Amino acid sequence: MLDIRYIRENTDKVKASLLRRGGDYGIDKLTELDKKRLGLVKKGEDLKRQKNEVSQLIGVRKKAGEDTTEIQGESRKLGEKIEKTEIETKRIAVSIREALLAIPNVPHESVPFGEGDSDNVEVRKWGEPVDFDFLPKNHVEIGEGLNILDFARAAKLAGSRFSLSKGTAAAMERALINFMVDTHTSEAGYVEIAPPYLVNSEAMTGTGQLPKFAEDLYKIENTDYWLIPTSEVPLTNIFSNEILLFEDLPISMCSFTPCFRAEAGSYGRDTTGLIRQHQFNKVELVKLVAPEDGEKQLEKITENAEDILKKLNLPYRVVTLSTGDLGFSATKTYDIEVWVPSQGKYREISSCSLFTDYQARRMNIRFKRDKKAKPEYVYTLNGSGLAVGRTLVAILENYQNKNGTVTIPEVLQSYMGNINTIEKTNIL
RNA sequence: GGAGGGUUGGCCGAGUGGUUGAAGGCGGCGGUCUUGAAAACCGUUGAACGUAACCCGUUCCAUAGGUUCGAAUCCUAUACCCUCCGCCA
């Protein structure tokens, strides 16, 4: 969330920035409430001071054996006044917090203005799409043809938007996960984390999924557990309510987890195949950094994700999301899009975002520059490194051969018993 | 699932109703001493808000309520941790 003090002191600036997101977000009403609250707080504190003084006096007089009936009544009266003020203060504070939680992050000035994804701006492109001398199949045709993907049976188990990979496909997913995590930990200095896949509401609120986007999440009935839609949630929340040391920054974490998304409102989009699933595997990168380091680290995290695609030799491009496509908590986001031959276009395979102190403020993650310094909020970042299912799609399609087999990318071969081709199998 | 025990500052740990934001120790920081260091000694040492800062004030002893003129201390609920029993990958 945004800093109420910052909003108080830079009201017009905040309003102008949010306008780029196409909204007003009730800033005027918010500042009005804020003013009211401050007045009440002051009043309440003044009353409390009086009461503390009186209570102390009672203690002293009682010790001296004096009668304190009258002065006790006075204290009680003060108590009633305080209670009234507090109730009102709390009521306003709650509305302020609710309003703040519903206000998105302010877009970075370098973010292009736009209505939606059509206004995203391409930053760079890498690799050349293969020029097939045959009509390339899509990954579903390839996978089912080789008998390594089975959507029909997955539907029996869980319905649509679920998949079942068999034999070499299952092995390749596992290989991809290991390859990605190994690369990030050994070459880019990330620490591997294996987090819980279920988290509580507080954690979901910390990273911004709640309260606004509950319909995108799966909740475990009769509990306060939610299935994580991305390991961004557990990883970023690891340090909630902590004060870190400057020397510890930047903190770079990497994890592999399944991700669960309800995909409400995406009916009719990518209905077949692995592109959009209720459950998918993802390797995630998360960083906690000092504010002045934020923009540089966004470039870095994006490069780390790109590096995986380069090593897999998959053509991709990087785009900057426009204000219309930018996620709620992010100030700036790069999407990495991989070439999907069957669709003849680039599709998102990674999303790398800088959140400034927006998430850190919700989670209360701070750091100190030195022992005596005041704590400051860290900046948080995350990026997919990469979405595993979509990477599998890209490999199947970009590495397909005319005879229906798929060549295995060189970097994965050592992870797959040194085989180099996926052939059709008759397993199951 | 059953039965107990616990949760106090960066850490350890005292504190069962009245200037207790909290003894003592460790650690940290500053200083004295020293050629330098260690030791010793002295001082200092959390966070949020009001406020940019000082002073000052308010709040914070797991969390949320309650009792009381006054709560770290009493009561209730919840969360988490530990031990034992049962069950279990």
Side-chain angles (χ1 to χ4, degrees), chain A residues 1-11 13 30-97 99-100 194-206 210 219-220 222-226 234 237-249 251 258 291 357 360-378:
Chain A
M1 68 185 147
L2 299 180
D3 185 2
I4 182 67
R5 206 149 77 197
Y6 181 79
I7 296 175
R8 191 185 300 154
E9 287 158 12
N10 303 276
T11 313
K13 219 164 134 189
L30 181 65
T31 50
E32 198 59 38
L33 283 172
D34 179 52
K35 244 183 229 161
K36 227 181 190 171
R37 196 190 128 260
L38 280 185
L40 282 167
V41 164
K42 208 158 180 104
K43 189 176 153 197
E45 287 185 354
D46 197 54
L47 287 167
K48 277 183 198 162
R49 201 202 67 240
Q50 287 178 43
K51 192 179 167 190
N52 287 344
E53 283 166 6
V54 172
S55 286
Q56 248 166 41
L57 194 62
I58 292 170
V60 172
R61 290 208 181 156
K62 275 213 160 154
K63 240 176 213 166
E66 295 171 31
D67 177 65
T68 55
T69 325
E70 194 182 325
I71 196 169
Q72 279 189 27
E74 195 182 312
S75 178
R76 198 173 291 136
K77 256 188 231 154
L78 278 169
E80 281 160 16
K81 271 195 208 165
I82 289 169
E83 208 184 333
K84 256 182 159 171
T85 316
E86 294 245 283
I87 287 169
E88 182 66 4
T89 310
K90 227 177 229 174
R91 200 180 57 78
I92 293 177
V94 167
S95 344
I96 288 176
R97 176 153 174 101
L100 281 174
Y197 303 161
L198 299 177
V199 299
N200 56 31
S201 301
E202 202 183 324
M204 283 293 185
T205 307
L210 292 179
K219 181 159 196 201
I220 310 290
N222 302 321
T223 69
D224 186 38
Y225 292 136
W226 304 77
N237 275 284
I238 287 176
F239 297 100
S240 64
N241 294 311
E242 292 192 29
I243 299 176
L244 305 166
L245 297 173
F246 182 67
E247 306 90 89
D248 296 335
L249 302 179
I251 290 174
D357 56 1
R361 184 167 284 112
R362 284 172 168 240
M363 283 176 286
N364 194 25
I365 305 179
R366 293 169 294 169
F367 75 100
K368 277 186 176 182
R369 294 198 185 264
D370 60 69
K371 287 276 171 204
K372 300 219 160 154
K374 266 206 157 226
E376 300 171 50
Y377 288 106
V378 299

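What you are looking at is a predicted structure, and each value in this text was computed from that prediction instead of being measured. Naming: A, B, ... by sequence-line order, numbering from 1 per chain. No hydrogens, no waters, no symmetry mates; every other heavy atom, side chains included, goes into these values.
Note on A:Glu70: nothing from the nucleic acid sits closer than 4.0 angstrom, heavy atoms only. In this structure, A:Arg61 reaches neither bases nor backbone, as no heavy-atom distance under 4.0 Å exists between it and the strands shown. A:Lys43 comes within contact range of no nucleotide atom at all, as no heavy-atom separation falls under 4.0 Å.
Rounded to whole Å, the distance from CG on A:Asp3 to P on B:rU51 is 14 Å. Rounded to whole Å, atom C1' of B:rG10 lies 13 Å from atom CG of A:Asp248. Atom OH of A:Tyr6 and atom P of B:rC49 are 17 Å apart (whole Å). The distance from atom CD1 of A:Ile4 to atom C1' of B:rC49 is 13 Å, rounded to the nearest whole Å. Look at CD on A:Glu83: it is 13 Å from C1' on B:rU68, rounded to the nearest Å. In this structure, A:Lys77 atom NZ and B:rU68 atom P are separated by 18 Å, rounded to whole Å.
Between A:Lys368 and B:rA47, a side-chain N or O to OP1/OP2 separation shorter than 4.0 Å is present. When the side-chain nitrogen and oxygen atoms of A:Arg5 are compared with OP1 and OP2 of B:rA48, none of them lie within a distance under 4.0 Å. Contact annotation: A:Arg76 does not reach the phosphate of B:rU68 (side-chain N/O to OP1 or OP2, under 4.0 Å).
Annotation: side chain to side chain donor-acceptor pair (under 3.5 Å) contacts of A:Asp224 (sequence neighbours excluded): A:Ser201. For A:Thr68, the side chain to side chain donor-acceptor pair (under 3.5 Å) criterion is met by A:Gln72, not counting sequence neighbours. Under the rule for a side chain to side chain donor-acceptor pair (under 3.5 Å), the partners of A:Thr69 that lie at least two apart in sequence or sit in another chain are A:Asp67. Shown here are the side chain to side chain donor-acceptor pair (under 3.5 Å) partners of A:Asn52, two or more places apart in sequence or in another chain: there are none. Scored by the salt bridge (charged side-chain N to carboxylate O under 4.0 Å, His left out) test, A:Arg366 finds no partners at all (sequence neighbours excluded). For A:Glu9, the side-chain contact (heavy atoms from CB on, under 4.5 Å) test picks out A:Arg5, with sequence neighbours left out. In terms of the side-chain contact (heavy atoms from CB on, under 4.5 Å) criterion, residue partners of A:Ala99 (sequence neighbours excluded) are, by chain and number, A:Leu30.
On the C1' atoms, B:rG24 is 23 Å away from B:rG18, given to the nearest whole Å. For the C1' atom pair drawn from B:rU34 and B:rC82, the interatomic distance equals 49 Å after rounding to whole Å. To the nearest whole angstrom, the two P atoms, one in B:rG9 and one in B:rA23, are 12 Å apart. Rounded to a whole angstrom, the distance from the C1' atom of B:rU68 to that of B:rC75 is 12 Å. B:rU8 and B:rG25 have their C1' atoms separated by 15 Å, with the value rounded to a whole Å. Look at the C1' atom in both B:rA14 and B:rA64: the space between them is 27 Å, to the nearest Å. Annotation: B:rC49 and B:rC54 have their P atoms spaced 13 Å apart (nearest Å). Comparing the P positions of B:rA72 and B:rU63 gives a spacing of 12 Å, expressed to the nearest Å.
Remark: A:Leu38 in residues 30-38 of chain A come within less than 4.0 Å of RNA chain B through at least one heavy atom.
Within the structure, salt bridge (Lys or Arg N to Asp or Glu O under 4.0 Å) contacts touching residues 43-58 of chain A (residues at least two apart or in different chains) are A:Asp46-A:Arg49, A:Lys48-A:Glu86, A:Arg49-A:Glu53.
Taking each heavy atom of A:Pro234 and A:Pro196 in turn, the nearest pair found is CG-O, 3.8 Å. Heavy atoms only, all atoms of each residue included: A:Leu38 and A:Arg8 are closest at CD1-CZ, 3.8 Å.
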At a cut-off of 3.5 Å, list every protein nitrogen or oxygen paired with a nitrogen or oxygen from nucleotides 75-79 of chain B, distance to 0.1 Å.
none

Sub-3.5 Å pairs of nitrogen or oxygen atoms, protein against nucleotides 18-21 of chain B:
residue	atom	partner	partner atom	Å
B:rG18	N2	A:Ser55	O	3.0

Give me the distances for all protein-to-nucleotides 56-60 of chain B N/O pairs that come in under 3.5 Å?
residue	atom	partner	partner atom	Å
B:rG57	N2	A:Glu45	OE1	3.1
B:rG57	N2	A:Glu45	OE2	3.3
B:rU58	OP1	A:Asn52	ND2	3.1
B:rU59	OP2	A:Asn52	ND2	3.4

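Looking at A:Arg362, its side chain does come within 3.5 Å of a backbone N or O of A:Thr205 through a donor-acceptor pair. A:Asp357 places no side-chain N or O within donor-acceptor distance of the main-chain N or O of A:Tyr377, the cut-off being under 3.5 Å. Panel note: side chain A:Ser75, backbone A:Ile71; no donor-acceptor pair is recorded below 3.5 Å.
Residue A:Lys36 qualifies as open at atom NZ: its count of foreign heavy atoms under 6.0 Å is 12 or below. A:Glu247 CD: more than 12 foreign heavy atoms inside a 6.0 Å radius.
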